[in-house]
Amino acid sequence: MDNRLFRRKYVRLIFFVYLVIVIKVIIFKYPLWQLQEIAAGWEKDVILEGLDTANFTLFKTVRMYIDYYDSLNSFENLAGNIVVFIPFGFLLPYVTLRGRNFFVMLFHAFIFVVGIEVFQLFSAFGAFDVDDILLNCFGAVLGYLCYLGFEAYKKHSHKGRRLSKDKGKGQKSKDRARR
């Protein structure tokens, strides 16, 4: 098997496992018995309750975390919403060639995050928050920037190795010519 193909499959597996972990941590964060109780209570009222507790106002939660930074787990919540999606932006370009396009990556991140938030809205397995969408997508953008930086580093270091190899070959040729 080609080494590049093997790495691509390996990265796809890592990305899949990452997505499963994100879903587990964000949606199915409660113990199984608690999820079963929530699911047993699913009725029309659950959806209405989800709409009542949902945040549709941009920056409302972010402002609350800033205002109450000393009494809430503000930093953990803000940073956590960003950090959890950094791998998404970093890995997607390695999973699919289209993912190397910034807007394609951002679109996929947005769809995934909105899917999670809408599921939380209608399932009561969490709370819908438009700020989570913003923070999660920002995390994916940071991950994409890490991807670009890593690729630039690889390209630069590969170029340096190639130049040193070429210099070595040139030196060997000069040594042979002197003999």
Side-chain angles (χ1 to χ4, degrees), residues 4 6-32 34-35 38-39 47 50-156:
R4 184 178 259 168
F6 176 76
R7 280 187 291 181
R8 189 175 190 93
K9 286 184 177 187
Y10 187 67
V11 170
R12 284 182 176 173
L13 176 65
I14 291 170
F15 188 68
F16 176 76
V17 169
Y18 159 75
L19 292 177
V20 169
I21 290 170
V22 167
I23 290 169
K24 165 68 175 115
V25 168
I26 294 176
I27 296 178
F28 302 108
K29 57 187 160 248
Y30 305 115
L32 182 60
Q34 198 170 0
L35 292 173
I38 292 170
I47 295 171
L51 289 170
D52 286 342
T53 61
N55 171 32
F56 293 103
T57 307
L58 198 56
F59 297 114
K60 180 180 178 181
T61 304
V62 172
R63 255 182 293 184
M64 179 187 69
Y65 285 142
I66 292 169
D67 290 344
Y68 299 101
Y69 69 93
D70 55 343
S71 59
L72 298 174
N73 295 341
S74 302
F75 179 76
E76 292 87 356
N77 286 321
L78 288 173
N81 273 309
I82 294 169
V83 169
V84 76
F85 275 86
I86 289 175
F88 190 99
F90 183 81
L91 292 172
L92 187 66
Y94 294 110
V95 171
T96 175
L97 293 176
R98 289 173 141 187
R100 294 179 183 175
N101 179 301
F102 172 78
F103 295 107
V104 170
M105 180 284 304
L106 186 59
F107 177 75
H108 281 88
F110 179 77
I111 294 299
F112 183 61
V113 171
V114 168
I116 289 171
E117 292 298 318
V118 168
F119 183 81
Q120 288 179 325
L121 177 67
F122 294 119
S123 70
F125 282 0
F128 179 93
D129 192 338
V130 71
D131 288 344
D132 287 351
I133 297 170
L134 177 73
L135 294 169
N136 294 161
C137 287
F138 180 66
V141 168
L142 289 179
Y144 184 79
L145 293 175
C146 290
Y147 156 76
L148 291 177
F150 182 68
E151 286 299 309
Y153 170 77
K154 277 184 9 184
K155 191 175 191 178
H156 178 72

(Q) Is it the case that over 12 heavy atoms from other parts of the model lie below 6.0 angstrom from the NZ atom of Lys29? (A) yes
Q. Is the closest side-chain heavy-atom distance between Val114 and Ile133 below 4.5 Å?
A. yes
Q. What about the rings of Phe28 and Phe125, do their centers lie closer together than 6.0 Å?
A. yes
Q | Residue pair Val141 / Phe85, side-chain heavy-atom distance below 4.5 Å | A | no
Q) If only atom types and distance count, is the side chain of Arg12 paired as donor or acceptor with the main-chain N or O of Arg8 below 3.5 Å? A) no
Q. What residue among Ile23, Val22, Ile21 forms side chain to side chain contact (heavy atoms under 4.5 Å, CB included) with Val25?
A. Ile21
Q.
Taking Asp129's backbone N and O only, do any of them form a donor-acceptor pair with Glu117's side chain (distance below 3.5 Å, no angle check)?
A. yes
(Q) Let's go through Asn136 and Ile82 carefully: what are the C-alpha distance in whole Å and the side-chain angles of both, what is the deciding distance for side chain to side chain contact (heavy atoms under 4.5 Å, CB included) to 0.1 Å, and is it a yes or a no? (A) CA-CA 5 Å; Asn136 294 161; Ile82 294 169; over 6 Å; no
(Q) Restricting to non-hydrogen atoms, name the atom on Asp132 and the atom on Ala127 that form the minimum distance, rounded to 0.1 Å. (A) OD2-O, 4.4 Å
Q) Quick one: CG on Asn55 to CE on Met64, what's the gap to the nearest 0.5 Å? A) 8.5 Å
(Q) Under 6.0 Å between ring centres: does that hold for Phe107 and Phe110? (A) no
Q: Establish, yes or no, whether a centroid distance under 6.0 Å links the rings of Phe75 and Tyr69.
A: no
Q. Is there a side-chain contact between Gln120 and Ile26, using heavy atoms and a 4.5 Å cut-off?
A. yes
Q. Under 3.5 Å, side chain of His156 to main-chain N/O of Ala152, donor-acceptor pair present?
A. no
(Q) Under 6.0 Å between ring centres: does that hold for Tyr147 and Tyr94? (A) yes
Q.
Show the nearest heavy-atom pair for residues Met105 and Leu92, with the distance to one decimal.
A. CA-CD2, 3.7 Å
**Q.** Within-4.5 Å side-chain heavy-atom neighbours: Thr57 and Asp131
**A.** no
(Q) Rounded to the nearest 0.5 Å, what separates atom OH in Tyr18 from atom CD1 in Ile86? (A) 9.0 Å
Q | Candidate pair Leu134 and Val130, rule side chain to side chain contact (heavy atoms under 4.5 Å, CB included), full reasoning | A | CA-CA 7 Å; Leu134 177 73; Val130 71; over 6 Å; no
Q | Residue pair Phe90 / Tyr144, side-chain heavy-atom distance below 4.5 Å | A | no
Q. Roughly how far, to the nearest 0.5 Å, is CD1 of Ile66 from CG of Leu78?
A. 6.5 Å
Q. For Ser74 and Tyr68, which heavy atoms make the closest approach, and how far apart are they?
A. OG-O, 3.3 Å
Q. Is there a side-chain contact between Leu106 and Cys137, using heavy atoms and a 4.5 Å cut-off?
A. yes
**Q.** Under 3.5 Å: donor-acceptor pair, side chain of Asn73, backbone of Glu76
**A.** no
Q: Return the minimal non-hydrogen interatomic distance between Phe15 and Leu91, and the atom names on each side.
A: CD1-CB, 3.6 Å
Q | Straight-line distance of Lys9 NZ to Leu13 CG, nearest 0.5 Å | A | 11.5 Å
Q. Taking the six-membered ring for Trp, is the centroid-to-centroid distance between Phe128 and Phe56 below 6.0 Å?
A. yes
